[in-house]
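Have a look at the structure below, then the notes.
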Amino acid sequence: MGTRLIMYLAVIMLGALVGARASLGDQLKKRLGSIQTACLLLLLGVMGVKIGMDQGVIDSFLQIGYRAVVMSIFTISFSILGVLLVKRFVTGGSAK
Amino acid sequence: MTLRILLAVAVGALMGMFILPQGALAYTDLVIDIGLMLLLFFVGIDIGLNRSVFGRIKAIGFRILFIPLAIIIGSIAGSAVAGIVLGMPFNEAGAIGAGLGWYTLSSILVANYSSQLSAMAFIANVTRELIAFIIIPTVAKKLGFLEAIAPAGATAMDTGLPIVSRSTDPETAIIAFISGVICTSAVPVLVPLILNL
């Protein structure tokens with residue numbers, strides 16, 4: 001995890017440096033969002049491929065899928081609720 | 001965005017199941033790593049273009065830590081309630097929730113306890129990640145930017161970060177990364193701890 005964390009941080013910082021210092025053309029700035037969305041959808045597609053090709057995951061999902069979905073819905077809902085409760089304290093009421 | 005995310009994952013999964021040769025599986029991790037690095041680079045550019053975020057993050061200070069703390073407590077509490085619904089003991093259900101979406105590690109951590117629970121931890125956390133990808137844009141729009149970090153859990157520092165970044169703003173992206181790092185660090189401690197209760 002340590003190496004990966006450093007790698008992620010380094011890549012984000014490199015991007016931040018490029019964003020802050022390089023004079024990105026207006027055209028590129030406008031297109032940045034679309035490029036990100038395209039890359040993101042491609043990444044999610046490949047993650048889907050990985051899941052679809054793993055027979056073990058598909059078999060397990062067919063067997064215990066509904067229990068996993070119930071578990072996920074509760075964990076996600078309660079974690080959102082947790083953030084809702086602390087949000088005002090974190091931002092002093094100025095958050096979007 | 002939500003529909004496009006759902007479609008991307010579904011089309012990918014169907015291609016993986018019915019079209020692509022099994023040999024392609026060996027390359028998926030590499031492609032995901034490259035894609036993720038590229039997306040994190042873009043997240044960085046967004047942050048660099050909005051330098052004022054650093055001042056705002058500094059102003060929030062240590063209070064940022066309440067976000068991952070709320071996510072961790074919420075996830076464990078949610079899984080405990082789900083455990084009641086599904087008839088599972090608290091320690092088993094809580095350990096799954098404490099996986100925070102990190103499916104590979106959480107399934108390994110519970111493997112010695114029970115192989116069935118290991119499969120459940122894996123699938124429940126894979127499902128959490130998939131549901132997170134799908135609902136983050138909607139949560140950001142309807143509930144708020146900080147709330148959009150919560151579904152991602154531990155993945156807010158990697159695979160979930162580009163979606164949070166696209167759905168919110170650079171300030172929230174930085175908070176999401178910090179939250180993801182803390183959640184990720186907590187998983188190896190919390191899962192065995194709760195399992196042994």
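Protein chains get the first letters and strands the later ones, always in sequence-line order, with residue 1 at the start of each. Predicted, not measured: the structure shown is a model, and the values here were computed from it.
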Sub-4.5 Å side-chain heavy-atom contact between B:Phe54 and B:Ile174 | yes
Measuring heavy-atom distances to chain B, does A:Leu85 have an atom under 4.5 Å in its side chain, in its backbone, in both, or in neither?
-> neither
Find out whether B:Met88 and A:Met71 are in side-chain contact, i.e. whether some heavy atom of one side chain is under 4.5 Å from a heavy atom of the other.
-> yes
Any side-chain heavy atom of B:Pro68 sitting closer than 4.5 Å to one from B:Ile178?
-> no
Can you check whether B:Trp102 reaches B:Glu129 side chain to side chain, under 4.5 Å on heavy atoms?
-> no
When heavy-atom pairs shorter than 4.5 Å are enumerated against chain A, which of B:Leu7, B:Ile47, B:Leu25 gives the highest number?
-> B:Leu25
Select one option (side chain, backbone, both, neither) describing which atoms of A:Ile51 are under 4.5 Å from chain B's heavy atoms.
-> side chain
Calculate, to the nearest 0.5 Å, the distance between atoms OG1 and OH belonging to B:Thr155 and B:Tyr103 respectively.
-> 9.5 Å
Pick one of side chain, backbone, both or neither for B:Ala24, based on which atoms fall under 4.5 Å of a heavy atom in chain A.
-> both
Under 4.5 Å heavy-atom distance to chain A, tell me which part of B:Ile135 shows up: side chain, backbone, both or neither.
-> side chain
With hydrophobic residues grouped by side-chain heavy-atom distances under 4.5 Å, do B:Val191 and B:Leu197 end up in a single group?
-> yes
Answer yes or no: is there a side-chain heavy-atom contact under 4.5 Å between B:Val181 and A:Leu9?
-> no
Looking at CD1 of B:Ile131 and CD1 of A:Ile76, how far apart are the two atoms once the value is rounded to the nearest 0.5 Å?
-> 5.0 Å
Contact part of B:Phe133 toward chain A, heavy-atom cut-off under 4.5 Å: side chain, backbone, both or neither?
-> side chain
Most heavy-atom pairs under 4.5 angstrom with chain A, which of B:Ile60, B:Ile67, B:Ile32, B:Val139?
-> B:Ile32
Honestly, the part of B:Asp29 sitting under 4.5 Å from a heavy atom of chain A is side chain
Part of B:Ile163 within contact of chain A (heavy atom distance under 4.5 Å) | both
Heavy-atom distances under 4.5 Å only: say whether B:Ile96 touches chain A with side chain, backbone, both or neither.
-> side chain
Would one find more than 12 heavy atoms of other residues, nucleotides or ligands at under 6.0 Å from atom CZ of B:Arg63?
-> yes
Options B:Met15, B:Glu171, B:Gln116, B:Arg4, ranked by heavy-atom pairs under 4.5 Å with chain A, top entry = B:Arg4
Which value, rounded to the nearest 0.5 Å, describes the distance between B:Asn125 atom CG and B:Ser106 atom OG?
-> 4.0 Å
Pairwise side-chain contact, B:Ile72 with B:Cys183, heavy-atom cut-off 4.5 Å (strictly under) | yes
Between chain A and each of B:Ala148, B:Gly35, B:Pro151, B:Ala10, count heavy-atom pairs under 4.5 Å; write down the option with the most.
-> B:Pro151
Applying a strict 4.5 Å limit to non-hydrogen atoms, the region of B:Leu40 in contact with chain A is both
For the residue pair A:Val70 and B:Leu86, establish whether any side-chain heavy-atom pair is separated by less than 4.5 Å.
-> yes
Heavy-atom distance under 4.5 Å to chain B: side chain of A:Met13, backbone, both or neither?
-> neither
So what's closer than 4.5 Å to chain A heavy atoms on B:Phe177: side chain, backbone, both or neither?
-> side chain
Scan side-chain atoms only and decide if B:Thr172 and B:Asp169 contain a donor-acceptor pair under the 3.5 Å cut-off.
-> yes
Could you tell me which portion of B:Leu36 (side chain, backbone, both or neither) has an atom closer than 4.5 angstrom to a non-hydrogen atom of chain A?
-> both
Quick one: which of B:Leu38, B:Leu65, B:Ile5, B:Val43 has the most heavy-atom pairs under 4.5 Å with chain A, could you say?
-> B:Ile5
Measure distances from A:Val86 to the heavy atoms of chain B and classify the residue's part below 4.5 Å as side chain, backbone, both or neither.
-> side chain
Given a strict heavy-atom distance threshold of 4.5 Å, which part of A:Leu81 is in contact with chain B: side chain, backbone, both, or neither?
-> neither
Look at A:Leu41, A:Leu42, A:Val49, A:Ile64 and state which one has the largest set of heavy-atom pairs under 4.5 Å with chain B.
-> A:Val49
Among A:Ala10, A:Gly33, A:Gly82, A:Ser77, which residue forms the greatest number of heavy-atom pairs with chain B at distances under 4.5 Å?
-> A:Gly33
Check whether more than 12 heavy atoms from other residues, nucleotides or ligands sit under 6.0 Å from atom CG of A:Asp59, and answer yes or no.
-> yes
For B:Phe122, is it the side chain, the backbone, both or neither that has a heavy atom under 4.5 Å from a heavy atom of chain A?
-> side chain
Could you look at B:Ala59 and say if it's the side chain, the backbone, both or neither that has a heavy atom under 4.5 Å from chain A?
-> neither
Looking at side-chain heavy atoms only, is the closest gap between B:Ser114 and B:Met120 below 4.5 Å?
-> no
Non-hydrogen atoms of chain A under 4.5 Å away: do they reach the side chain of B:Val11, the backbone, both or neither?
-> neither
Measuring heavy-atom distances to chain A, does B:Arg166 have an atom under 4.5 Å in its side chain, in its backbone, in both, or in neither?
-> side chain
